[in-house]
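One structure is given below, encoded as structure tokens.
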Amino acid sequence: GVFAVEGKAKARLAYIKTLTDGNPEIYDRARARLIAREVEGQYNVEAIAESALQSLPENVSDDPVSDDWRRKFFLEAENICDADMQELWGRVLAGEVAKPGSFSLRTLNVLKSLSREEAELFRLACSLANDTGEIIVQRTKRHLLGDYGLHYGRLMTLADAGLLHSPS
């Protein structure tokens, strides 16, 4: 019960004290670092939420976003500092709120490791894709994807990021 939790908390504090013996200032520095990280994370989450509000369509589903999805989204979102990436995350959040289940947890895993450059390359690739998401290259034509800025190295970057694959 309550006494067990209290005992665990006291044991944890005692352990932390042993770590700081001989250097009591380290506790203050660690606390300041954690607070700074949390404040920066809060700014990031708020910027993404603001972007999501601006991206929401007029009609959204009455169904709630999954608790697991929401929790994972915000745990990752607090680490997104780049304004362009925050906008992308905001659009994903808006899409999920508008129609829950639109973006899988796997999508969030890809998104969290995506660089700004990879996101821009993916946008370019999507602009060349048909309605089914395929980019069809006719080898008989003179103009290949390199003519559009998607040379082999960039295609491999997208494949490595988990955003592009060849049909089997």
Side-chain angles (χ1 to χ4, degrees), residues 1-57 60-126 149-150 152-165:
V2 173
F3 294 113
V5 172
E6 202 172 288
K8 286 181 182 179
K10 285 182 181 179
R12 187 74 177 149
L13 286 174
Y15 173 69
I16 290 171
K17 186 174 181 339
T18 65
L19 292 175
T20 62
D21 279 349
N23 190 358
E25 298 86 24
I26 199 163
Y27 177 82
D28 291 331
R29 290 195 308 269
R31 184 175 54 190
R33 181 181 55 80
L34 289 173
I35 290 170
R37 183 176 71 188
E38 291 301 315
V39 168
E40 183 179 33
Q42 187 64 34
Y43 276 122
N44 293 342
V45 164
E46 289 181 11
I48 290 168
E50 181 62 35
S51 177
L53 282 174
Q54 294 173 8
S55 298
L56 274 175
V60 298
S61 173
D62 291 332
D63 296 332
V65 171
S66 154
D67 289 340
D68 289 341
W69 192 94
R70 177 189 45 80
R71 181 154 173 77
K72 176 132 177 108
F73 181 89
F74 285 108
L75 282 172
E76 300 300 343
E78 68 184 22
N79 297 315
I80 306 303
C81 301
D82 181 85
D84 290 333
M85 293 304 288
Q86 287 174 342
E87 184 179 331
L88 174 61
W89 278 73
R91 288 195 308 260
V92 168
L93 178 58
E96 186 67 14
V97 168
K99 185 179 175 192
S102 294
F103 297 95
S104 70
L105 291 175
R106 244 184 219 102
T107 300
L108 295 181
N109 280 333
V110 170
L111 190 59
K112 79 177 182 180
S113 61
L114 200 61
S115 71
R116 183 174 182 230
E117 293 75 22
E118 289 165 337
E120 183 57 32
L121 280 176
F122 187 59
R123 185 205 57 76
L124 175 61
C126 288
L150 281 179
Y152 182 77
R154 288 180 158 188
L155 292 172
M156 290 300 97
T157 296
L158 290 174
D160 288 345
L163 296 171
L164 189 69
H165 66 89

Point to revise | Lys/Arg N to Asp/Glu carboxylate O, Arg91 vs Glu87, below 4.0 Å | key: yes

Check your understanding: Just wondering, do Met85 and Leu114 contact through their side chains at under 4.5 Å, heavy atoms?
Key -> yes

Practice item. Please tell me if the side chains of Asn44 and Asn79 come closer than 4.5 Å, counting only heavy atoms from C-beta onward. Key: no

Practice item. Identify, with sequence neighbours excluded, every residue that meets salt bridge (charged side-chain N to carboxylate O under 4.0 Å, His left out) alongside Asp28. Key: Arg31

Point to revise | Whether over 12 other heavy atoms sit under 6.0 Å from Lys72 NZ | key: yes

Point to revise | More than 12 heavy atoms of other groups within 6.0 Å of Arg29 CZ | key: yes

Check your understanding: Under 3.5 Å, is there a donor-acceptor pair between the side chain of Glu76 and the main chain of Asn109?
Key -> no

Point to revise | Gly101 backbone acceptor or donor facing Glu96 side chain under 3.5 Å | key: yes

Scan for ring-ring contact (aromatic ring centres under 6.0 Å, His included) pairs involving [range], sequence neighbours excluded, and state none if there are none.
range: residues 75-94; result: Phe73-Trp89
range: residues 95-120; result: none
range: residues 10-44; result: none

Exercise for review: Kindly state each residue pair satisfying salt bridge (charged side-chain N to carboxylate O under 4.0 Å, His left out) with at least one member in residues 35-46, sequence neighbours excluded.
Suggested key: none

Practice item. Could you pull out the closest heavy-atom pair between Leu111 and Val92, with the gap in Å? Key: CD2-CG2, 3.8 Å

Practice item. Please name all residues satisfying side chain to side chain donor-acceptor pair (under 3.5 Å) with Thr107, sequence neighbours left out, ordered by chain then number. Key: Ser104

Exercise for review: Please lay out, stage by stage, how Arg71 and Asp68 fare under the test salt bridge (charged side-chain N to carboxylate O under 4.0 Å, His left out).
Suggested key: CA-CA 5 Å; Arg71 181 154 173 77; Asp68 289 341; over 6 Å; no

